[in-house]
Protein chains: 2
Amino acid sequence: MRDSEQIVNHAQKFCLENGLRLTKKRRQVLKALVESPFALSAYELRELCKTECDEMLPPMSIYRILDFLQEAGFVHRLNVSNRYTACSHIACEHEHLFSQFLICVKCKMVTEIDIPDLTIKNMKNDAASAGFELESPQLEINGICFTCKNRAA
Amino acid sequence: MRDSEQIVNHAQKFCLENGLRLTKKRRQVLKALVESPFALSAYELRELCKTECDEMLPPMSIYRILDFLQEAGFVHRLNVSNRYTACSHIACEHEHLFSQFLICVKCKMVTEIDIPDLTIKNMKNDAASAGFELESPQLEINGICFTCKNRAA
DNA sequence: TAATTTATGATACTACATATCATTTTGAGA
DNA sequence: TCTCAAAATGATATGTAGTATCATAAATTA
């Protein structure tokens, strides 16, 4: 998993530059998330870390670590499924305010895309017509990835 | 609450026409949801029904009733907050496939709007570019309602 | 009215999450 | 390098959302 190492190293570098501590366990949780194609629950992460390093973190620690990783912008929480997924922009500079998560209902794979400005503009207008001002939205949308779709056909 | 009665009666009529049974308890849960400006959790509904009719439904019953009401199209579940809200189209004929819920982060009020075709089209395209085919999405978006916004200013 | 289906009740349990206090680790300054 | 304070983690207990399962009650149908 050369790739995931690299991404985690980016995170490490970011932490050093910003006075954050990417401890061993935080690294480990982040690595697990980076390597997973689908979002993981806190307890799934716990299991995963156990098999990886033969040590069972208490739930509280997992949640604290996830909080830290979210604060740092390394992971997102999918509210719909109570699961966590690594941000796909850890290794790039590219700022992203509005994220959209496409979740395959078959294989559970998660793809994070930026919402194009046009779509956001439409959504803001839609909301304004109903008397609402949008906060930076995080969209979580179910669908079928083309891989699964082709397999079905 | 003349209005909510009327809406519940529409639901009743719909059930009669479609071989569904809107029992007393189902009616009661639906009425509570119709009258609430914000989404309610299953356990909040339980409390509400108790104060209304002095009888505490077991959690399982609440969930079963909510399942029924969802199947019938009378209520929606907000996945982000694990809460339930009455569909705003019970009393109108108007079909709606793609719903968007605007949730005020201040007062928690929920507004259900239809997503305009243009916005949907954009979202479908966005997803397709990432190798996904959308399922009929339900969008749950946080924001501030103009009432709260004006109050703040 | 009996039999069958549908709805609800009761008990127990699982998963997700947090409060709280104890312990360990880390980093900064003397 | 040692000390101390802050940050991170551990442990225990508990709260809350949701479900599995089996029992009972109510309503339909024959």
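First the proteins, then the strands, lettered A, B, ... as listed; each starts at 1.
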For atom NZ of K24(B) and atom P of dA26(D), their distance in whole Å: 11 Å
Rounded to whole angstrom units, what separation is found between the CD atom of Q28(A) and the P atom of dT9(D)? 11 Å
Nearest whole Å is fine: how far is dG18(D) C1' from I62(B) CD1? 13 Å
Integer-rounded Å distance: dA8(D) C1' and Y63(A) OH: 19 Å
Mind checking whether I7(A) and Y84(A) sit in one hydrophobic cluster, side chains of I, L, V, M, F, W, Y counted as touching below 4.5 Å? yes
Residue D117(B) excluded, over 12 heavy atoms near CG under 6.0 Å: no
Salt bridge or not between K124(B) and E133(B)? Use side-chain N to carboxylate O under 4.0 Å. no
Describe the nucleic acid contact of E55(A) in one word from base, sugar-phosphate, nothing, applying a heavy-atom distance below 4.0 Å. sugar-phosphate
Side-chain N or O of T23(A) closer than 4.0 Å to phosphate OP1/OP2 of dA8(D): no
Mind calculating the distance between NZ (K25(B)) and P (dA27(D)) to the nearest angstrom? 11 Å
So what does R46(B) touch, heavy atoms closer than 4.0 Å: a base, only the sugar-phosphate, or nothing? nothing
Closest heavy-atom pair and its distance - F132(A), L102(B): CZ-O, 3.5 Å
I'd like to know if Y43(B) reaches the base of dG18(D) with its side chain, counting only an N/O donor and acceptor under 3.5 Å. yes
Covered region of DNA chain C, 5' end to 3' end, by chain B [heavy atoms, under 4.0 Å]: dT6(C) to dA10(C)
To the nearest Å, how far apart are R21(B) CZ and dA25(D) P? 17 Å
Give me the atom names and distance for the closest heavy-atom approach of R26(A) to R21(A). NH1-O, 2.7 Å
Looking at the side chain of R64(A), which of dA27(D), dT9(D), dG18(D) is the nearest nucleotide? dT9(D)
Under 4.0 Å between any heavy atoms, over every strand shown, what does R27(B) touch: base, sugar-phosphate, or nothing? Just pick one. nothing
Give the rounded distance in Å between these two atoms: CG of D67(B) and C1' of dG18(D). 11 Å
Apply the side chain to side chain donor-acceptor pair (under 3.5 Å) test between S99(A) and each candidate in H89(A), E140(A), E112(A); give the one that qualifies. E112(A)
Between S41(B) and dT16(D), is there a side-chain N or O to OP1/OP2 distance below 4.0 Å? no
Separation of atom CZ in F68(A) from atom P in dA8(D), rounded to whole Å: 7 Å
Could E55(A) and K25(A) be called an ion pair, given the rule that one side-chain N must be under 4.0 Å from one carboxylate O? yes
